[in-house]
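Residue indices begin at 1 and follow the sequence shown.
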Amino acid sequence: MIDVVMILGGFEFKISTAQFQTLERRHDQNKAVLKRVGSKSATQHLGTNVGTVKMNGTVLPHWNGGWGQMDRLRAMADSGDAHELVDGFGQSWGRWEIASVVETGSEYFNGAPLKIEFGVTLQEYGGDGGRGVDLLSLGLSIASRLF
């Protein structure tokens with residue numbers, strides 16, 4: 001795993017496949033704001049939103065790794081599955097789903113891009129492990145008892 005920067009499921013982000021140059025990780029809080037007359041608004045912590053990771057990089061398909069990297073990422077996204085994300089140090093970041101795959105081809109030769117700029121956005125898998133309230137299930141349960 002010497003040249004591997006990150007692994008998502010079975011996909012290795014490395015120079016010979018799709019090497020990302022930037023990674024942005026977001027960890028946002030969900031706050032409710034209550035407006036009050038005559039004083040500052042009050043906030044209430046409702047929980048943590050799912051995290052996001054955005055990776056941007058370049059693929060040179062004619063040079064190394066071939067043409068299938070973006071197809072593999074799109075297929076993983078289409079599956080809807082959550083995948084284990086592991087960094088180059090072997091540290092697990094948990095399970096993540098592919099929310100979007102964006103690619104821009106440039107420097108075309110014989111109809112094929114020699115350079116592909118890509119962006120992959122991951123969304124943290126929000127499995128609650130039995131904690132929290134599933135509002136949809138709760139609402140359906142209540143509705144089924146009423147009708």
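A heavy-atom distance below 4.5 Å is found between the side chains of Trp93 and Val53. Side-chain atoms of Val101 and Met70, non-hydrogen and from C-beta on, do get closer than 4.5 Å to each other.
What you find for Gly80 and Glu97 is that their closest heavy atoms are O-OE2, 3.8 Å. The two residues Pro113 and Gly105 come nearest to each other via the heavy atoms CB-CA, 3.8 Å. Asn56 and Gly119 get closest at one heavy-atom pair: OD1-CA, 3.4 Å. Between Gly51 and Trp96, the shortest heavy-atom distance links the atoms O-CZ3, 3.5 Å.
Rounding to the nearest 0.5 Å places CG of Asn49 at 7.5 Å from CD of Gln29. For the atom pair OG1 of Thr121 and CD1 of Ile98, the computed distance is 10.0 Å after rounding to the nearest 0.5 Å. Put simply, CE on Met6 and CE on Met55 are 6.0 Å apart, with the number rounded to the nearest 0.5 Å. Note that NZ of Lys14 is 8.5 Å distant from CD1 of Ile7, once rounded to the nearest 0.5 Å. With values rounded to the nearest 0.5 angstrom, Glu124 atom CD is found 10.0 Å from Leu85 atom CG. One finds the CG atom of Leu60 at 9.5 Å from the CD atom of Gln69 (value rounded to the nearest 0.5 Å).
With Arg95 contributing its side chain and Tyr125 its backbone, the two residues share no donor-acceptor pair below 3.5 Å. Not one N or O on the side chain of Gln123 forms a donor-acceptor pair closer than 3.5 Å with the backbone of Val50. At least one donor-acceptor pair closer than 3.5 Å links the side chain of Gln21 to the backbone N or O of Gln19.
Under the side-chain contact (heavy atoms from CB on, under 4.5 Å) criterion, Asn110 pairs with no residue, sequence neighbours left out. For Phe11, the ring-ring contact (aromatic ring centres under 6.0 Å, His included) test picks out Phe13, with sequence neighbours left out.
Crowding of Arg25 atom CZ: a count of heavy atoms from other residues, nucleotides or ligands under 6.0 Å exceeding 12.
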